[in-house]
Structures are given as C-alpha cells and as structure tokens.
Visitor: 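I'd like to ask some things about the structure below.
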Amino acid sequence: RMQGKEALPALQMATKLLPDDAEAYNNLGNVLRDLGQYDDAAASYRRALEIKPDYAEAYGNLGAALQDLGQLDGAVANCRRALEIKPDFAEAHSSLGNALQALGHLDGAVAAYHQALAIKPDYTAAHSDLLFVHNYLSDQPAAVLLAEAQRFGDLVARQARPSRDWHNVPDSNQCLRVGMVSGDLR
C-alpha cells in the first residue's frame, strides 16, 4: 500500500483521470496534509466538497487542515458541518475538540472528546487529548482525573503489541553498553 510521497503522483493522476471523484480529492488532501502541504490539502478538500457537498469526511479533514493552518474558526465550522451530516463521526468530534482546545474553549473540547469516545471507546488519540485538557481545568476532582488516566492506561495496554522486529543483532561476544542522560546534564 502506497503512502506519503509515494502515493502523491498516483493520487494526482487519479484526480486528473477522474476529475469528478470526490474521494480521489479527499485522499489527495490526506496525503498532502501528511506531507505538511496544508494549503494544498485544504484546496483538495474544498474541491472534494464542490463535487460532493454532503461529504462529511472531507469537511472533517478540511477542519483539521484549517487547524494546521491556524484558521481555528474555520476548523470549528467545518468540523461542526461534518457532524451535522454524520453525527457519529468520532474523528470529527476529536478534531472539533482540538480546535476548541486551541481556541481556549476547554469545556467544549472536553465535551467533544467525550462524544468521540462515546462513539469509539478505543480511540486513543481522543482519550490522550482529553487527558491533556484535564490538566488545564481547575475544577476537576483528583478522583476523576485518576479514573480517566487509569481508563487510558487500560486502553493503551489492551492495544499494545510486542515488537518482534529488532534491529540489533544479538552478539554474546559484544559488551552491553548502557547510558543514562540526566535532566540536569549541561
């Protein structure tokens, strides 16, 4: 499966061959966004929406790209539009939470993250963002914060998979070197 720079030429060709394919433009936008080309990604999502005005995923992706560009009000508006079309779109709820958090609307961000987690309980990114916002809310009881952190720990533990791909070669003739860097090292 091609991704990133490798997928870009194929997706650009797909949009030329299929100029009325909203999904091709949405996918192109995703690759452009992954490559940090946020203006081009936003343009691609907008083209997808010209073709298919009720495309919730393109609205959600446009919202995320606008947030990357620092256009937070536009990000909020597009995430909300995505949720009008598809209320159970967990990723749009999470993106809305991110934009609201960046705007300083922390209670709204918490509500958006909770909605994302109600739809998709194993959504680690939304849960991580929720925990981050909790750090800035002074009215949170310690027990609530601890319970939320424990739920996140349980979620991550369930999803953790041991790595079988070790890049070092075991060599019993070579000494093990252990190093430590102290936080006060200058």
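Keep in mind that what you see is a predicted model, and the values were worked out from it rather than measured.
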Visitor: Kindly write out the residues that satisfy side-chain contact (heavy atoms from CB on, under 4.5 Å) with K86, not counting sequence neighbours, or none if the list is empty.
Guide: A56, E57, D88, F89

Visitor: Any side chain to side chain donor-acceptor pair (under 3.5 Å) pairs touching residues 67-77, not counting sequence neighbours?
Guide: R33-D68

Visitor: So, for A82 and Y59, which heavy atoms are closest and what is the spacing to 0.1 Å?
Guide: CB-CB, 3.7 Å

Visitor: Any donor and acceptor pair, going by atom type alone, linking the side chain of R46 with main-chain N or O of L62 inside 3.5 Å?
Guide: no

Visitor: First locate atom CG of N78, then atom CG of L49, and finally report the distance between them rounded to the nearest 0.5 Å.
Guide: 7.5 Å

Visitor: Output the distance between atom NE2 (H105) and atom CG (L72), rounded to the nearest 0.5 Å.
Guide: 9.0 Å

Visitor: What I want to find out is whether D54 reaches R81 closely enough, with some N-O distance under 4.0 Å, to be called a salt bridge.
Guide: no

Visitor: One pair to check against side-chain contact (heavy atoms from CB on, under 4.5 Å): L137 and D107. What are the steps and the verdict?
Guide: CA-CA 8 Å; L137 296 172; D107 290 330; 3.8 Å; yes

Visitor: With rounding to the nearest 0.5 angstrom, report the NE2 to CZ distance, H127 to F132.
Guide: 15.0 Å

Visitor: When the side chains of residues 23-32 are checked against the rest of the protein, which donor-acceptor pairs come out under 3.5 Å, sequence neighbours left out?
Guide:
residue: N26; atom: OD1; partner: N61; partner atom: ND2; Å: 2.9
residue: N26; atom: ND2; partner: Y55; partner atom: OH; Å: 3.4
residue: N27; atom: ND2; partner: E23; partner atom: O; Å: 3.3
residue: N30; atom: OD1; partner: Y45; partner atom: OH; Å: 2.7
residue: N30; atom: OD1; partner: N61; partner atom: ND2; Å: 3.2

Visitor: Could you work out, with salt bridge (Lys or Arg N to Asp or Glu O under 4.0 Å) as the rule, every residue matching R151, not counting sequence neighbours?
Guide: E148

Visitor: Which pairs pass salt bridge (Lys or Arg N to Asp or Glu O under 4.0 Å) with one or both residues in residues 115-138, sequence neighbours excluded?
Guide: E91-K120, D122-R158

Visitor: How many angstroms lie between atom CZ of R47 and atom CD1 of I51, to the nearest 0.5 angstrom?
Guide: 3.5 Å

Visitor: Rounded to the nearest 0.5 Å, what separates atom NE2 in H134 from atom CZ in F152?
Guide: 12.5 Å

Visitor: Taking all non-hydrogen atoms of both residues into account, name the closest pair between G60 and C79 and its distance.
Guide: O-SG, 4.5 Å

Visitor: So do the side chains of S94 and Y113 get within less than 4.5 Å of each other, counting heavy atoms only?
Guide: yes

Visitor: Mind checking what makes side-chain contact (heavy atoms from CB on, under 4.5 Å) contact with L18, not counting sequence neighbours?
Guide: D21

Visitor: Using a 3.5 Å distance criterion without hydrogens, assess whether the side chain of H93 forms a donor-acceptor pair with backbone atoms of P87.
Guide: yes

Visitor: Rounded to the nearest 0.5 Å, what separates atom OG1 in T15 from atom CG in D20?
Guide: 11.5 Å

Visitor: Honestly curious: do Y136 and V110 fall in one hydrophobic cluster under the side-chain, below-4.5 Å linking rule?
Guide: yes

Visitor: Is the shortest heavy-atom distance from the side chain of N135 to the side chain of L145 under 4.5 Å?
Guide: no

Visitor: Using the rule that two of Ile, Leu, Val, Met, Phe, Trp, Tyr join whenever any of their side-chain heavy atoms come within less than 4.5 Å, decide whether L106 and L117 are in one cluster.
Guide: yes

